[in-house]
Amino acid sequence: MHMPMLIPLTIAIVLLLITFWLPSLTPDSEKLSPYECGFDPMGTARLPFSMRFFLVAILFLLFDLEIALLLPSPWANQLTTPMLTMLLAFTILIFLTIGFIYEWLQGGLEWAE
C-alpha cells in the first residue's frame with residue numbers, strides 16, 4: 001500500500017473506533033430507547049395530531065425545494081444561453097412567490113386561528 005493512502009485509511013479507522021467507543025462511556029436512557037422522538041412509547045397511539053403543524057411542515061418542504069432547483073443556476077450561467085437559465089430561474093421564483101402569497105392570503109401560515 002502506498003504511503004499517501006495509509007494516512008487517510010489510518011485516520012478513518014481511528015475515527016470509526018472513536019465513534020463506537022465514545023457513546024458507550026455515557027449511555028443515555030433516551031438514546032438507548034427505540035423511540036428518540038420524545039413521545040412515550042407506552043402511551044396510546046391515538047393521540048390527537050396537529051394538522052396545522054403537518055401543513056406548515058409540508059409547506060416548508062415545498063418552499064425549501066427551491067434551493068435544490070436553483071442551486072445549479074450559477075454553473076448553468078456558464079452555458080451558451082445564460083439568458084434562458086435566468087428566465088427559468090426567475091420562472092421558478094415567480095411560481096414560488098405566487099404560491100407563498102396564496103398560502104399567506106388563505107391563512108395557511110397562521111398558527112392560531
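Computed over heavy atoms, backbone and side chain alike; hydrogens, waters and symmetry mates excluded.
- Atoms CG and OG1, on Leu84 and Thr91 in that order, are 9.0 Å from each other to the nearest 0.5 Å.
- When the side chains of ILVMFWY residues are joined at heavy-atom separations under 4.5 Å, either directly or via intervening members, Trp104 and Leu93 end up in a single hydrophobic cluster.
- Interatomic distance, CD1 of Ile92 versus OG1 of Thr97, reported as 11.5 Å (0.5 Å rounding).
- One distance of note links CE of Met83 with CG of Leu88; it measures 11.0 Å at 0.5 Å rounding.
- Phe100 and Phe90 fall within the same hydrophobic cluster, defined by Ile, Leu, Val, Met, Phe, Trp and Tyr side-chain heavy atoms under 4.5 Å apart, directly or through other members.
- Of the inter-residue distances, the one linking Leu96 atom CG with Leu70 atom CG reads 7.5 Å to the nearest 0.5 angstrom.
- Screening Thr10, Leu15, Ile11, Leu17 against Ile13 for a side-chain contact (heavy atoms from CB on, under 4.5 Å) leaves a single residue, Leu17.
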